[in-house]
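I have placed the structure first, in the form of structure tokens, so that the comments after it can refer back to it.
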Amino acid sequence: MDASLKPSLPAQPRAFAFHVGGRAVRRGDRDWCVRVSPAHGVEVTRVPACTAADVDAAVAAARRAFAQGIWSRLPGSERAQVLLRAAAGVRERFEELAYWETLETGKPITQARSEVLASAGYYEYAAGVARTLSGDSFNNLGEGMFGLVVREPIGVIGLITPWNFPFLILAERLPFMLAAGCTVVAKPSEFTSATTLMMAEILGEAGLPDGVFNVVTGYGLPVGQAITEHTDIDMVSFTGSVATGQRALAASASNIKKLGLELGGKSPQIVFADADLEAAADGVVYGICLNAGQCCVSGSRLVVEEGIADAFRDLLVDKFSRVRIGDPLDPATQMGAIVTEAHQNKILGYIRSGVADGARLACGGGILDGDGWFITPTLLEGVRSDMAVAREEIFGPVLTMTTFTTPDEAVAIANDSVFGLAASIWTKDLDKALDTMRRVQAGRMWINTTITGGPELPIGGSKQSGNGRETGVYGVEEYTELKSVHIALGQRTPWVQ
Ligand code: NAD
């Protein structure tokens with residue numbers, strides 16, 4: 001369709017089946033998770049509310065597929081072919097994928113389109129790694145010994161994803177698991193399952209053998225919990241909040257499974273006085289308005305040098321007032337909806353708490369009239385690091401502003417957080433940029449830009465933002481197990497005399 005036209009709402013809600021063993025599973029009598037578009041207030045999709053027994057069936061299918069070696073023992077070149085065909089399938093269906101992503105998440109259609117197209121690149125990149133993944137050899141162990149380090153797929157992986165970037169987060173993980181030779185049982189968020197189920201179809205059409213990718217839909221309890229507790233799952237990749245990540249960590253003790261955790265953040269935007277202030281203000285506004293501030297890496301804590309703070313605040317207030325907020329199906333919209341009414345209320349509560357604690361509301365704090373849940377971009381100035389708004393993940397378009405006078409103080413404020421997911425630095429001084437980069441605790445950093453990336457570089461967090469890394473070559477290695485092999489050469493010296 002013409003990308004400048006506004007698509008209509010669907011004539012009726014779309015009902016999806018879940019996906020086990022290469023089959024779409026439909027059952028007439030099942031409970032549903034009903035999704036109301038957060039921007040329009042009408043039902044758009046429904047997916048089955050699966051049970052722990054459904055998880056068992058999916059894990060059995062994934063285990064069977066893994067044990068048969070129909071995927072794990074294929075040459076990397078053949079796995080790569082499937083991933084490349086899947087990427088082509090994503091590109092062919094990108095408009096449809098973006099449409100349902102927008103309806104379920106409330107994110108602008110233009111943003112959803114670029115996320116879907118970017119996602120195809122992750123399948124293409126992982127295809128390359130499937131062909132180059134290798135182990136190591138040791139020829140330095142003396143004449144009588146040779147060593148090998150062999151990489152093997154970990155096995156069956158449980159993949160639990162959140163609602164904020166359903167398709168992109170899937171793309172940052174799934175193709176890397178598949179490139180390693182693993183089989184997968186995925187559980188998307190109960191709010192946003194459509195595009196994960198569509199990906200199962202696309203992978204099937206691309207030639208992925210039955211049972212290699214399974215999708216069980218439904219709520220965290222019982223479905224997510226059953227995955228993290230399951231004793232026949234070898235690893236869980238969990239992306240979501242710290243609180244649920246802690247539950248996943250406890251549940252993973254059942255069989256000591258490996259657990260990758262990609263959790264929340266409270267990422268600083270450090271702005272030095274010598275920065276290009278127009279560019280920095282634009283980046284800071286983008287970093288908190290993208291996805292209505294509902295990004296794990298949203299730049300939600302502005303840490304700005306005292307001498308330019310007032311001028312910088314004025315730039316921000318002006319730019320915030322010009323962000324186009326509203327119907328995400330309208331291609332002109334830049335900022336869409338908040339995921340649920342409950343989450344909107346939680347964000348508004350944080351804004352009130354910030355003001356009660358002594359912060360000043362420089363702009364925003366309002367909601368839009370009409371259907372759906374929208375919060376205007378909000379700036380709280382005069383925020384101290386001990387306030388809840390500076391410490392907790394608000395997950396909405398709310399920027400806190402704190403000032404510093406020395407680079408040491410900037411680093412101290414940036415690191416005064418239980419999170420360590422991401423950080424941005426704005427300065428024209430390369431020495432200052434690199435020195436600050438080295439001292440700030442974060443898994444992802446940006447200098448004179450923010451929230452950008454691609455499949456090549458690894459992503460992940462430190463401190464309570466999680467562990468493990470996704471994407472890049474590391475992203476495939478994460479889903480492999482190392483096996484070391486000593487090979488004796490020549491005559492054995494007898495032990496038994
Ligand atoms: P959430 O923790 O509520 O849910 C995440 C997933 O876990 C969902 O699929 C949910 O159904 C499932 N779940 C719920 N209870 C469970 C349980 N007991 N056991 C297993 N699974 C369970 O998070 P959310 O609200 O969907 O997403 C927002 C959070 O995700 C934010 O904190 C955000 O920072 C974080 N996030 C992190 C990253 C990252 O890469 N670090 C990326 C995106 C989002």
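Hydrogens, waters and symmetry mates play no part in the numbers below; they use all other heavy atoms, side chains included. Ligands are counted one by one from 1 in listed order, and the atoms in each one are counted from 1 as well.
Within 4.0 Å of ligand 1, the residues that place a heavy atom are Ile160, Thr161, Pro162, Trp163, Asn164, Ile169, Arg173, Lys187, Pro188, Ser189, Glu190, Gly220, Gly224, Gln225, Phe238, Thr239, Gly240, Ser241, Thr244, Arg247, Glu262, Leu263, Gly264, Cys296, Glu393, Phe395, Leu421, listed by chain and number.
Both tests do not hold together for Lys187 against Phe18: distance to the six-membered ring centre under 6.0 Å, angle to the ring axis within 45°.
With sequence neighbours left out, the side chain to side chain donor-acceptor pair (under 3.5 Å) criterion links Arg26 to no other residue. Residues meeting the side-chain contact (heavy atoms from CB on, under 4.5 Å) test with Ser189, sequence neighbours left out: Trp163, Phe191, Thr192.
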N/O donor to acceptor pairs below 3.5 angstrom from side-chain atoms of residues 255-262, sequence neighbours left out:
from   : atom 1 : to     : atom 2 : distance (Å)
Asn255 : OD1    : Lys257 : NZ     : 2.9
Asn255 : ND2    : Thr231 : O      : 3.1
Asn255 : ND2    : Ile233 : O      : 2.9
Lys257 : NZ     : Thr228 : O      : 2.6
Lys257 : NZ     : His230 : O      : 2.9
Lys257 : NZ     : Ser254 : OG     : 3.3
Lys258 : NZ     : Glu478 : O      : 2.8

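Screening Leu329, Thr102, Leu103 against Pro7 for a side-chain contact (heavy atoms from CB on, under 4.5 Å) leaves a single residue, Leu329.
Using a 4.0 Å cut-off between a side-chain N of Lys or Arg and a carboxylate O of Asp or Glu, Glu392 and Lys266 do not qualify as a salt bridge.
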